[in-house]
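Everything below concerns the one structure shown next.
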Amino acid sequence: MTEIRDGDFILFDHDFATGRSVWVKHEADGRMTFRVDTPVDQIIDQNAAIRNETQARNFGDWVRVASIPLDTVYNSGLEEASRQRDQKYLSRWLNDGDNRAFRTHEGKF
């Protein structure tokens, strides 16, 4: 079987359903470095479409405000903040302009 490479990284696993790829790099000291690539273009496009549809709607009960890939939830601290019910952190992250692509509803959360 032919190895698929991206620079020093070798493809370790690929999920065709989600497009998620796991890459491994073997270090000189015997350690391994893993990199996970998760495509988010479809999520971002869907979020933008939903955000456009809900522009005139107000917040209320059961309004979805974001759609965020799980690896981003865990790597950004959102999972921990949610578990600790840290509303300030959640609001700050969701309202940050750098994270707008994950929002499905305009306004301040």
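One is the number of the first residue; the rest follow in order along the sequence.
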Linked, directly or transitively: V73 and V65 (ILVMFWY side chains, under 4.5 Å): yes

Distance (rounded to the nearest 0.5 Å) between S67 OG and N47 CG: 4.5 Å

Expected output: side-chain N99 to main-chain W93 donor-acceptor under 3.5 Å: yes

Nearest atoms (heavy-atom pairs only) where A66 meets T104: N-OG1, 3.2 Å

I10, CD1 atom: more than 12 neighbouring heavy atoms under 6.0 Å: yes

Donor-acceptor pair between S21 and D37 side chains, under 3.5 angstrom: no

V36-M32 co-clustered via ILVMFWY side chain contacts under 4.5 Å: yes

Heavy-atom check, side chain of W23 versus side chain of F34, under 4.5 Å: no

Heavy atoms of other groups near R85 CZ, more than 12 under 6.0 Å: no

Residue pair E53 / H105, side-chain heavy-atom distance below 4.5 Å: no

Reported CZ-to-CG distance for the pair R35 and D8, which is rounded to 0.5 angstrom: 10.5 Å

No-hydrogen, no-angle side-chain donor-acceptor test under 3.5 Å, E27 and T33: yes

Spacing of OG1 belonging to T18 relative to CZ belonging to F16, to within rounding of 0.5 Å: 10.5 Å

Over all atoms of both residues, closest heavy-atom pair of P39 and G19: CD-O, 3.4 Å

Exam field: side chain S76 to backbone T72, donor-acceptor pair closer than 3.5 Å: yes

D71 atom CG, over 12 foreign heavy atoms within 6.0 Å: yes

Stepwise salt bridge (Lys or Arg N to Asp or Glu O under 4.0 Å) test for D86 and K88: CA-CA 6 Å; D86 185 348; K88 286 183 181 182; over 6 Å; no

Hphob cluster co-occupancy, I50 + F102, side-chain heavy atoms under 4.5 angstrom: no

S91 side chain to Q87 backbone, donor-acceptor under 3.5 Å: yes

Atom pair CD1 (I44) and CZ (R100), whose distance is rounded to the nearest 0.5 Å: 11.5 Å

Flag, side chain of D13 to backbone of V22, donor-acceptor distance under 3.5 Å: no

R51 side chain reached by R103 side chain, heavy atoms, under 4.5 Å: yes

L78 vs I68, side chain to side chain contact (heavy atoms under 4.5 Å, CB included): CA-CA, chis, key distance, verdict: CA-CA 10 Å; L78 288 171; I68 307 166; 3.8 Å; yes

Separation of E80 CD from Y89 OH (nearest 0.5 Å): 10.0 Å

Crowding at CZ, F12 (>12 non-hydrogen neighbours, <6.0 Å): no

